[in-house]
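Counting from 1, the numbers follow the sequence of the chain as shown.
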Amino acid sequence: MAVVDVVKYSGPNSVFAWKFPSDELGTWTQLIVAESQEAVFFKGGQALDVFGPGRHTLKTANIPLLSGLIRLPFGGQSPFKAEIWFVNKVHSLDIKWGTPTPIQLQDPKFGIMVPVRSFGQFGITINNSSKFLIKLVGTIPVFDQDTLLRYFKGLYLNKIKDTLASYLVQKRIGILEINAYLDELAVHICERVKPVMDEYGIELVNFYVNDVSVPENDPAVVQLKAALAKKAEMDIIGYNYQQERTFDTLEGAATNPGAGQAGMMGAGMGLGMGLGVGGAMGGQFGGLAQNLSVSGGTRCPKCQGIVPDGKRFCPDCGNPLSPASGGAPQALPRITCDKCGMDMSRDAQFCPNCGDPYNPCPNCAKDLPAGTAKCPDCGASMPQPCPLCGKKVSPDAKFCPSCGGSLVKKCPGCGKDLPPSVNFCPGCGAKV
């Protein structure tokens with residue numbers, strides 16, 4: 001029978017738990033535990049004692065629970081079978097993690113699915129050696145960083161995916177902007193992973209997200225980056241997509257020799273709207289061109305199509321040109337910018353003079369300042385942003401058509417369901 005004189009471990013720090021290969025330990029065996037270690041003594045599958053740093057002589061005197069389990073003959077000098085586990089308690093701060101395959105997420109700004117990869121590192125320390133060995137290590141002889149990552153891979157991947165998805169949706173952050181929020185992401189993931197590791201005697205010291213990236217060659221990513229580059233180019237030059245299409249139409253009309261007088265008129269109107277990029281003159285020209293009459297018909301003020309004489313509705317867009325009682329065709333009321341007073345088209349998204357966004361009333365199309373609840377001219381309620389996803393919805397809607405969230409308010413006084421635009425209950429008068 002072998003007699004072990006000295007039991008110790010001096011391996012690498014990447015090993016968290018190591019079992020001494022021999023289970024025949026004689027009394028007076030010298031157990032040496034380093035400053036950053038703990039040694040756990042097992043007998044018959046039961047953890048009997050934990051030894052801290054220092055030199056320990058194994059005998060029944062310093063293992064009190066052992067005397068009740070075995071009876072040592074010969075005055076306690078015979079060898080006995082037992083196990084010694086060494087647990088590394090250093091702070092391991094270089095444990096690297098990563099997503100082996102891309103995570104499919106929807107970009108909240110552009111609505112496209114993009115593959116996302118992420119990687120980083122975290123640090124741990126063993127704060128309960130007995131719980132760690134019993135619940136996690138089991139009977140394997142060595143437990144190192146690779147084993148730890150394999151055990152907790154499903155945990156951190158699930159938490160990372162959930163946190164990324166919820167962060168993108170709730171914060172309305174584009175996937176190409178997420179790297180500006182890595183510290184916040186790391187804090188949220190750490191808060192979710194830490195309680196699970198505590199159950200196994202492991203303390204999560206820190207958690208870092210080093211990068212969140214998308215594959216450069218993915219078709220969706222290539223298309224998104226190309227669109228953003230085009231938008232940046234337009235913003236620098238000073239025009240939008242609608243105006244670019246107008247320029248393309250003008251160029252096509254210029255190269256068409258059979259366009260005739262009507263084509264020249266359309267080109268002149270497009271040029272007038274294009275000049276609106278430069279200042280007030282283009283806006284005035286575009287406003288005057290809306291009411292021009294042409295031979296055999298009237299120009300529709302909405303789509304600029306030609307309406308034959310005597311007709312009350314535009315054959316292209318259905319826009320009404322005269323009252324129901326009859327009479328001469330008349331144009332709809334003109335639209336002016338609420339900020340600078342410049343005339344603007346009903347199809348415009350921004351004022352051609354000052355660039356203020358067009359915020360139309362859904363009933364009379366009047367341009368209203370941002371945040372207006374009701375139109376001062378016709379009294380129509382303005383669409384309000386959904387509190388869940390930010391999309392504008394009808395003030396009388398009960399559910400958001402984009403995210404499906406409930407928009408109904410509950411009256412605190414009588415419990416009646418109320419529209420989201422109501423601030424006071426019409427039944428009991430309570431403030432909502």
Side-chain angles (χ1 to χ4, degrees), residues 11-18 88 90-126 132-133 135-171 173-226 228:
N13 285 336
S14 60
V15 175
F16 297 112
W18 178 78
N88 189 356
V90 298
H91 284 61
S92 299
L93 306 178
D94 60 344
I95 304 177
K96 295 179 174 56
W97 62 267
T99 53
T101 57
I103 303 172
Q104 295 294 328
L105 295 176
Q106 185 178 23
D107 189 292
K109 282 192 172 181
F110 306 102
I112 63 174
M113 298 297 295
V114 290
V116 180
R117 289 184 180 272
S118 182
F119 64 87
Q121 66 184 51
F122 61 91
I124 66 167
T125 183
I126 311 300
F132 174 68
L133 291 173
K135 284 194 170 185
L136 198 62
V137 178
T139 59
I140 60 175
V142 177
F143 192 95
D144 56 10
Q145 287 189 7
D146 293 337
T147 309
L148 180 78
L149 286 175
R150 187 169 66 251
Y151 278 26
F152 289 99
K153 177 180 177 181
L155 169 67
Y156 70 73
L157 285 182
N158 178 266
K159 300 304 181 184
I160 289 168
K161 181 177 180 180
D162 288 349
T163 304
L164 273 175
S166 61
Y167 218 76
L168 292 175
V169 173
Q170 295 176 7
K171 298 284 187 178
I173 301 171
I175 194 63
L176 300 181
E177 305 169 354
I178 194 65
N179 278 316
Y181 302 86
L182 294 183
D183 288 342
E184 297 180 21
L185 281 174
V187 171
H188 284 281
I189 297 174
C190 183
E191 291 175 351
R192 296 187 178 190
V193 175
K194 189 172 183 178
V196 181
M197 286 193 166
D198 286 340
E199 297 178 6
Y200 299 94
I202 303 174
E203 178 185 352
L204 186 62
V205 179
N206 52 47
F207 193 97
Y208 298 107
V209 179
N210 293 342
D211 186 43
V212 177
S213 60
V214 292
E216 296 292 336
N217 58 350
D218 184 80
V221 178
V222 173
Q223 184 179 6
L224 176 59
K225 288 188 175 182
L228 291 176

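Across all their heavy atoms, Leu148 and Phe122 have their closest contact at CD2-CE1, 4.4 Å. Of all heavy-atom pairs between Leu204 and Ile124, the closest is CD1-CG2, 4.0 Å. Annotation for Ile126 and Asn88: closest pair CG1-O, 3.5 Å, computed over non-hydrogen atoms. The two atoms that bring Pro195 and Glu191 nearest to each other are CD-O, 3.2 Å, heavy atoms only. Here the closest heavy-atom approach between residue Leu157 and residue Gly98 is recorded as CD2-O, 4.0 Å. Of all heavy-atom pairs spanning Ile189 and Ile160, the tightest one is CD1-CG1, 3.7 Å.
To the nearest 0.5 Å, atoms CG (Leu182) and CG (Asn210) are separated by 8.0 Å. Atom NZ of residue Lys161 and atom CD of residue Gln104 lie 9.0 Å apart, to the nearest 0.5 angstrom. Here the straight-line distance linking atom CD of Glu203 with atom CE of Met197 works out to 11.5 Å at 0.5 Å rounding.
Judged by distance alone, the side chain of Asp211 and the main-chain N or O of Phe119 form no donor-acceptor pair under 3.5 Å. Here the side chain of Thr99 pairs a donor or acceptor atom with the backbone of Ser118 at under 3.5 angstrom. The backbone N or O of Val212 lies less than 3.5 Å from a partner atom in the side chain of Asn179, making a donor-acceptor pair. Side-chain atoms of Ser166 come within 3.5 Å of backbone atoms of Thr163 as a donor-acceptor pair (strictly under, hydrogens ignored). At least one donor-acceptor pair closer than 3.5 Å links the side chain of Asn206 to the backbone N or O of Gly123. Panel note: side chain Trp97, backbone Tyr208; a donor-acceptor pair is recorded below 3.5 Å. Checked by atom type and distance alone, the side chain of Arg117 pairs as donor or acceptor with a backbone atom of Pro100 at under 3.5 Å.
Ring centers of Tyr156 and Phe207: at least 6.0 Å apart, outside the cut-off. Taking the six-membered ring for Trp and the full ring otherwise, the centers of Phe143 and Tyr151 sit less than 6.0 Å from each other.
Side-chain contact check for Ile178 versus Leu185: some heavy-atom pair is nearer than 4.5 Å. Here the side chains of Lys96 and Leu149 are not in contact, with every heavy-atom distance at 4.5 Å or above. Residues Tyr181 and His188 are not in side-chain contact: their nearest non-hydrogen atoms beyond the backbone lie 4.5 Å or more apart.
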